[in-house]
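Here, residue 1 is the first one in the sequence, and each next residue gets the next number.
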Amino acid sequence: MPKEADSPKKLRSNRAALTHKVGYALRHPERVGPYVRRAGRDAWLRLRHPDHIGYYRAVMAHDTRRDPEAAVGSRSHDRWLALGRMQFDYLLEHGLRPEHRMLDIGCGNLRGGWRFIDHLDTGHYYGIDISPDILIAAKRTLTRRGLQAKLPHLTLTGDLRLDFLPDDHFDVVHAHSVFSHSPLSVIDECLAHVGRVMTDTGFFDFTFDRTEGTEHQVLREDFYYRTDTLLTLAAQHRLHARFMEDWEKRPHGQSKIRVSRSPLPS
């Protein structure tokens with residue numbers, strides 16, 4: 001699941017390598033037991049759900065039952081609030097206006113989403129997620145915040161083809177801690193289709209776990225990509241892409257890329 005932030009950011013070493021695992025276990029012996037239990041649970045879920053969507057839905061169902069805020073990577077309510085505020089403040093500084101239409105991919109339990117809903121005009125927020133369990137938690141967040149009258153759309157999806165959404169509709173598309181848990185095929189699917197639903201002047205921001213070494217994954221939940229891999233993938237789908245240096249100053253362990261149909265300012 002989404003990890004707590006490192007500040008300042010660190011480029012990830014290969015966490016799948018045996019040398020890393022042994023060294024980490026020696027430094028943090030108290031974490032070996034929980035890791036082994038998690039690995040066993042995940043192996044069982046992968047046997048039952050060989051496809052990524054089915055597997056990740058099962059992971060989220062398990063984690064959401066325990067704690068919806070922890071399920072989206074927040075170890076405390078204060079951290080949940082802080083990460084949501086960070087997402088909101090960043091887009092606000094980048095020109096998010098109430099009249100904009102926003103698509104929030106992997107909206108989770110509205111950690112950032114409730115702030116976007118409150119800021120945007122009625123009906124202008126569209127959140128999608130692959131987990132029915134976390135969307136139920138999202139509706140509870142919406143109710144607790146008293147935002148029902150803003151009429152947000154909260155929709156379950158089974159892929160990122162976005163074929164149920166209209167052309168040229170969204171000014172801002174956002175995916176926080178989604179591609180950090182996605183194999184490259186899922187990212188490719190999203191980038192192949194997101195340009196259609198964005199306006200010509202719209203943009204798509206997504207975070208990812210960055211490594212400049214060997215690309216790898218841990219427990220099929222955490223995926224680490226080189227920046228150039230994702231920039232090249234975006235270009236293959238005729239999208240302009242830029243690594244967001246100003247996000248690197250934020251106290252969050254993931255990095256951010258922005259893509260658009262139109263050239264982006266340097």
If I take atom [atom1] from residue [X] and atom [atom2] from residue [Y], how far apart are they, to the nearest 0.5 angstrom?
| X | Y | atom1 | atom2 | result |
| --- | --- | --- | --- | --- |
| L135 | C107 | CG | SG | 5.0 Å |
| D159 | I130 | CG | CD1 | 10.5 Å |
| I117 | T122 | CD1 | OG1 | 11.0 Å |
| R261 | T199 | CZ | OG1 | 7.0 Å |
| T232 | R226 | OG1 | CZ | 9.5 Å |
| R57 | D51 | CZ | CG | 8.5 Å |

Take W80 and T141, measure what side-chain contact (heavy atoms from CB on, under 4.5 Å) needs, and give me the verdict at the end.
-> CA-CA 12 Å; W80 184 85; T141 299; 4.0 Å; yes
I'd like to check [X] versus [Y] (side-chain heavy atoms, cut-off strictly below 4.5 Å). Are they in contact?
| X | Y | value |
| --- | --- | --- |
| R115 | L81 | yes |
| H181 | M60 | no |
| P183 | F223 | yes |
| P152 | L142 | yes |
| L154 | K139 | yes |
| L239 | F204 | no |
| L162 | I128 | yes |
| F203 | V172 | yes |

Measure across [X] and [Y] and return the closest heavy-atom pair with its distance rounded to 0.1 Å.
| X | Y | result |
| --- | --- | --- |
| S131 | I134 | OG-N, 3.1 Å |
| M102 | F170 | C-CD2, 3.5 Å |
| A137 | N109 | CB-CB, 3.9 Å |
| D209 | G253 | OD1-O, 4.4 Å |
| G54 | H49 | C-CB, 3.5 Å |
| A241 | V259 | CB-CG1, 3.7 Å |

Compute whether any side-chain donor of one residue and acceptor of the other, for [X] and [Y], lie under 3.5 angstrom apart.
| X | Y | value |
| --- | --- | --- |
| W247 | D205 | no |
| Y126 | T155 | yes |
| H237 | D188 | yes |

Electrostatic pair R258:D246 at N-O distance under 4.0 angstrom |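 Salt bridge absent between R258 and D246.
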Under a 4.0 Å N-O cut-off, is there an ion pair linking E93 with R250?
->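 R250 and E93: salt-bridged.
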Using the side-chain contact (heavy atoms from CB on, under 4.5 Å) rule, take C190 and I105 through it: C-alpha gap first, then chi angles, then the decisive distance, then the call.
-> CA-CA 10 Å; C190 184; I105 297 174; 3.9 Å; yes
Is there a donor-acceptor contact under 3.5 Å from the side chain of [X] to the main chain of [Y]?
| X | Y | value |
| --- | --- | --- |
| T157 | D129 | no |
| R111 | L83 | no |
| S182 | I187 | no |
| R242 | P265 | yes |
| H100 | R97 | yes |
| D171 | R101 | yes |
| H240 | S260 | no |

Would you call the rings of [X] and [Y] parallel, tilted or perpendicular if under 30° counts as parallel and over 60° as perpendicular?
| X | Y | value |
| --- | --- | --- |
| F116 | Y125 | parallel |
| H174 | H176 | parallel |
| H52 | Y55 | tilted |

Is [Y] reachable from [X] through a run of I, L, V, M, F, W or Y residues, each pair having side-chain heavy atoms under 4.5 Å apart?
| X | Y | result |
| --- | --- | --- |
| L110 | L92 | yes |
| F243 | L264 | no |
| V178 | F164 | yes |

Kindly indicate, with the supporting measurements, whether the criterion side-chain contact (heavy atoms from CB on, under 4.5 Å) is fulfilled by L160 and H193.
-> CA-CA 8 Å; L160 291 180; H193 297 283; over 6 Å; no
Verify whether the ring centers belonging to F206 and F179 lie closer than 6.0 Å.
->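 Ring centroids of F206 and F179 are less than 6.0 Å from each other.
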Residues in salt bridge (charged side-chain N to carboxylate O under 4.0 Å, His left out) with D167, at least two apart?
->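 R196.
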